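Computed from a predicted structure; not experimentally measured.
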Amino acid sequence: MGGDHVTGLEERVGRAAGVGPLLLGVRHHGPGSARAVRAALEEARPRVVLIEGPPEADALIPLAADEEMRPPVALLAHAVDEPGRSAFWPLAEFSPEWVAIRWALEHDVPARFIDLPATHTLAWGRPEDEAAGEGESPLDAGTADNEGDSGPGPEPASGLGPASGPEPASGPEPGPADVRIDPLGVLAETAGYDDPERWWEDVVEHRGVGKGDALAPFTVLEEAMGALRETYGSGGHDRDLVREAYMRLQVRAAQREFEDGVAVVCGAWHVPALRRKTTVAADKALLKGLPKVKTDMTWVPWTHRRLSRVSGYGAGIDSPGWYGHLFSAPDRPVERWMTKVAGLLRAEDRLVSSAHVIEAVRLAETLAAMRGRPLPGLSETTDAVRAVMCEGSDVPLALVRDRLVVGDVLGEVPPTAPAVPLQRDLARLQRRLRLKPEALERELELDLRKETDAARSRLLHRLRLLGVAWGEPAVSRGSTGTFRETWRLRWEPELSVRVAEAGVWGTTVLSAATAKAEADAVTAQGLADVTALAERCLLAELSDALPTVMRILADRAALDADVGRLAQALPALVRSLRYGDVRGTDTGALGEVAAGLAERVFVGLPPACAALDADGAEEMRRHVDAVHGAVGLLGDAPAAGRGQLRARWQSVLRVLSGRDTVPGVIRGRAVRLLLDDGELAQDEAARLMGLVLSPGTPPADAAAWIEGFVGGGSGGGMLLVHDERLLGLVDAWLTGVPAEAFTDVLPLLRRTFSAYEPGVRRTLGELVRRGPGAGSGGTGTGTGSGIPGFAAELDTERADAVLPVLRLLLGLDEVAEHIGDDLVGVRG
């Protein structure tokens, strides 16, 4: 890699003779390549810089000089009529393309993109072309990162790079040598390395660019790529033939305009093809008949995590955070890295001192020397951090990898960048509500009684309805009140595509969400889908969409005769009625539909519960539970026509509890619900249980009844603990089950009792061991004048033992002491 190579490159490109472009083959997202590109451009001083990328983005290049533009960012292209068909071209601060753009802008030199236009790339995303994008060359990785999971379009590549582009409409067929290869892997294996990343670090990232040596790395890399392409042809990347033909045409055009002052920054895999002499007619023939689609293009924020192949987007590098560090800290990178790691671990309350940093650096350098490496790489620094700072544990090391090696850096794009109107409205709302998109997941607690928090909730719910899942609802830990909401927020780059897709519904978040809700209501498949949509409309406060949704809901409810679907839809409607309390939403029409739906459930439920198999009975039991909870909320609402709903429902439960044709699990649950509501006396419940558990009832039906009565997470275990009479009935029945039938009912009983808390199971075991009804005290037999399930008289001695603890918890002793001190002071 000395000066001879520079002379060889000049002879090959003809720069000494005044002809030929300067071809700088790079590895995308490689900090070593980025530094080498800047050094080469500083030495060559070209008059134009050509960069691998979509030509439609030429007008966006000046934005790279904007003070508010902070990489990582990506060029986003999407089909105007089908925004889900899209592609990304991500660029980091250490990407050679970004460095070339910035150098050109700083020196007032034109910069242009010369890759195949996005209008062809997006149109060339047929499913049958998906395989062509797999296994992209690492040296050509990351230029385009295709996203196509929202509809037809380019599929994401599975390797280090994007889909290679469309198959040529005409052109040479791949020869027998055109097998799919990984150039980086082949070169590493040839050099005796088993890890391509480690080889790349040794030969490029750890090698500085000396004076007069700026072009040497490109010389050696071009020679290597030339040898590989002579052996493997196109390497199985047949779409590259079309892309390279287009790039050669663009290079010729630039040479005609700027003569010899042309520099090209592209993937090293393409350099031999661009150097190859072909005719203009041959290149144009490869481009003939390519499909087209109208496209739009803009800059969008990107993240380091999306530059990592572990994210599934195949942008080319395992460790973007580490590469970003190497680029920003060329001097003493190991020492600076260990300092970063120490800062992260200290922030997580781990004891890491300066001595740890010093020892970790020494160990990394020793490991590099033992392994024959010029400088410690990521593997050496990771081993040193594990041994010294993490005490051999991989748990804190996983945090280092996630936060530093990969990283959660989120780029920024200036507001002057082109955007669809919906994106601009969303950005305005984010600024007004102080909801800044962040790559790192965070929790957001909202109090809906506050105006700002309520507006944030509306925005997040509207975005979810539009398919922009920036926030996901979570369980509130601090409060169970309906005025509390908890969200987990995380902004992913592909959400920009979702926003572009949602732009077809409207120019603002409100109008788009309203139109989307109305369209979803019309196309909803089932009644439950419409009720869920009504709930989401209330959460998002889409008052203009509610009339349409409610009309469709009423029509669907009137025509649907399936009691199961009606019962499934009712709880969502009743939950929606509660939002009027905090959000101030008018839910009158919703209440009328819910009351009518409840009446239809009451009429149709008893016949629907007859002659069900085990699975159908269990599903219907869940519907009974859901309707019971819904009627409890609906019956409490002060509105006309709802006062009798609770009484009507209790009469339905009585019918279900007494019909022999109803499965035992439903009958048992009906009895339990009546007992919990106080509509069934304890003695009557015991009588019904005794009848069911009599010898005349088949054991399987009796076990199902018990499952419905005390199973399903309904607190039945505590009921048995406090009412030993019921426990005695269950125990007597269980001991009397014939041996031949016991194995049949055992799985059902095990499912019933395994749902109890360990403490409840232990208490039940102790009661059964001594015999139900044999004890006294706090747990009685349920007889006498006291509360059923408890002794008739209070145990004052046991009650007095609790008083000191209660006084201590409530601070009553301190209050009495202060009062006594005040009285003494007054008397004094």
Under 3.5 Å donor-acceptor, [X] side chain and [Y] backbone:
X	Y	value
Thr339	Glu335	yes
His356	Ser353	yes
Ser319	Val405	no
Asp425	Val509	yes
Asp115	Met247	no
Thr381	Leu378	yes

Taking the six-membered ring for Trp, are the ring centroids of Trp322 and His304 within less than 6.0 Å of each other?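 No - the distance between ring centres of Trp322 and His304 does not fall below the 6.0 Å cut-off.
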Are Phe88 and Trp302 near enough that their ring centres are under 6.0 Å apart?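 Judged by ring-centre distance (under 6.0 Å), Phe88 and Trp302 do meet the cut-off.
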Note: Glu412-Lys436 ion pair, threshold 4.0 Å (strictly below):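 Salt bridge between Glu412 and Lys436, a charged N being under 4.0 Å from a carboxylate O: yes.
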Side-chain ion pair, Arg362 and Glu365, N-O less than 4.0 Å: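 Salt bridge absent between Arg362 and Glu365.
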Student check: side-chain heavy atoms of Pro396 and Leu345 closer than 4.5 Å: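 A side-chain contact exists here, since the closest heavy-atom pair is under 4.5 Å.
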Shortest non-hydrogen contact from Ala92 toward Trp98: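 Nearest heavy atoms, Ala92 then Trp98: O-CB, 3.3 Å.
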Approximate separation, where rounding is to 0.5 Å, of [X] [atom1] and [Y] [atom2]:
X	Y	atom1	atom2	answer
Leu448	Arg456	CG	CZ	12.0 Å
Met69	Leu60	CE	CG	8.0 Å
Thr452	Arg432	OG1	CZ	8.0 Å
Leu50	Leu274	CG	CG	10.0 Å
Trp269	Met225	CH2	CE	7.0 Å
Arg464	Leu460	CZ	CG	9.5 Å

Starting from the C-alpha separation in whole Å, work towards a yes-or-no answer on salt bridge (charged side-chain N to carboxylate O under 4.0 Å, His left out) for Arg371 and Asp383. CA-CA 13 Å; Arg371 296 170 181 175; Asp383 290 344; 2.8 Å; yes
For Trp487 and His461, take the angle between the two ring planes, folded into 0 to 90°, and tell me which bin it lands in: parallel under 30, tilted 30 to 60, perpendicular over 60.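 Trp487 and His461: perpendicular rings.
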